Amino acid sequence: MMIGEVSAKSGLPIHTLRYYEKIGLVPKPSRDAGGRRCYDPEILDWLTFISRLKDLGMPIRDRVRFARLRSEGEQTVGERRELLEIYRTGLAKKIAELTETLEVLDYKIANYDEIGRKKTA
């Protein structure tokens, strides 16, 4: 896949893909005879994963660290797991906080609905 196709399918701008390559967040793609980047289709799965890591608040330095560890092979599985566990714990806490907030909002909305029904009755 050429960089334009990867950009279109991933939703990431071409300059972002080049930047990710430069900092080691994505593996360097092979090049065709004209020197154009040729990505393996699996890059889309990787881009989806690192985008999710970004969405959960993992800073770019840790995403780059994770990518480096991944490129080093199976001997880094434990380290990668530990890194993911740190962010998983934070995400679980955030979900719990958001769930509590949702419950408060649902209570308030139900309360306002009840007040509205009493006024029209």
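We count residues from 1, following the sequence as given. All figures in this text were calculated on a predicted structure; none of them were measured in a lab.
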Applied to residues 83-96, the side-chain hydrogen bond (donor to acceptor under 3.5 Å, both in side chains) test, sequence neighbours excluded, yields Asp62-Tyr87
| Under 4.5 Å between side-chain heavy atoms, hopping through other hydrophobics if needed: is there a path connecting Tyr19 to Leu12? | yes
- Query: Does some side-chain heavy atom of Val64 sit less than 4.5 Å from a side-chain heavy atom of Tyr20?
  - Reply: no
Any side-chain heavy-atom pair of Val26 and Leu17 under 4.5 Å = no
So, do Arg31 and Cys38 sit near enough that their side-chain heavy atoms are less than 4.5 Å apart? no
Hits for side chain to side chain donor-acceptor pair (under 3.5 Å) against Arg80, two or more places apart or cross-chain, chain-then-number order -> Thr76
* Asked: Do Ile43 and Met1 have side chains that get closer than 4.5 Å, going by heavy atoms?
  -> yes
Closest non-hydrogen contact found for Arg117 with Glu114 is NH2-OE1, 3.0 Å
### Message
Check whether Asp40 reaches the backbone of Glu42 with its side chain - one donor and one acceptor, N or O, closer than 3.5 Å.
### Response
no
same_hphob_cluster(Val77, Ile86) at 4.5 Å side-chain heavy-atom cutoff: no
Connected via hydrophobic side-chain network under 4.5 Å: Ile14 and Leu44
yes
Sequence neighbours excluded, the answer for ring pair (Phe, Tyr, Trp, His ring centres under 6.0 Å) partners of Phe49 is Trp46, Phe66
Going by heavy atoms in the side chains, are Arg37 and Lys28 under 4.5 Å from each other? no
Report, one line per pair, each donor and acceptor closer than 3.5 Å where one atom sits in a side chain of residues 96-107; sequence neighbours left out.
residue, atom, partner, partner atom, Å
Thr99, OG1, Ile95, O, 2.8
Thr101, OG1, Glu97, O, 3.0

Taken in chain and number order and not counting sequence neighbours, the residues that satisfy side chain to side chain donor-acceptor pair (under 3.5 Å) with Lys54 are none
* Asked: Are Ile60 and Arg63 close enough that some pair of their side-chain heavy atoms sits under 4.5 Å apart?
  -> yes
Here the side-chain hydrogen bond (donor to acceptor under 3.5 Å, both in side chains) pairs for residues 1-14, sequence neighbours left out, are Glu5-Lys9
### Task
Please step through side chain to side chain contact (heavy atoms under 4.5 Å, CB included) for the pair Ile3 and Arg36, ending with a clear verdict.
CA-CA 8 Å; Ile3 196 167; Arg36 293 174 297 220; over 6 Å; no
To the nearest 0.5 Å, atom CG of Leu69 lies from atom CD of Glu82 at 10.0 Å
Start with the C-alpha gap between Met58 and Arg52, add the side-chain angles, then the distance that decides, and say whether side chain to side chain contact (heavy atoms under 4.5 Å, CB included) holds.
CA-CA 9 Å; Met58 183 183 282; Arg52 288 178 190 246; over 6 Å; no
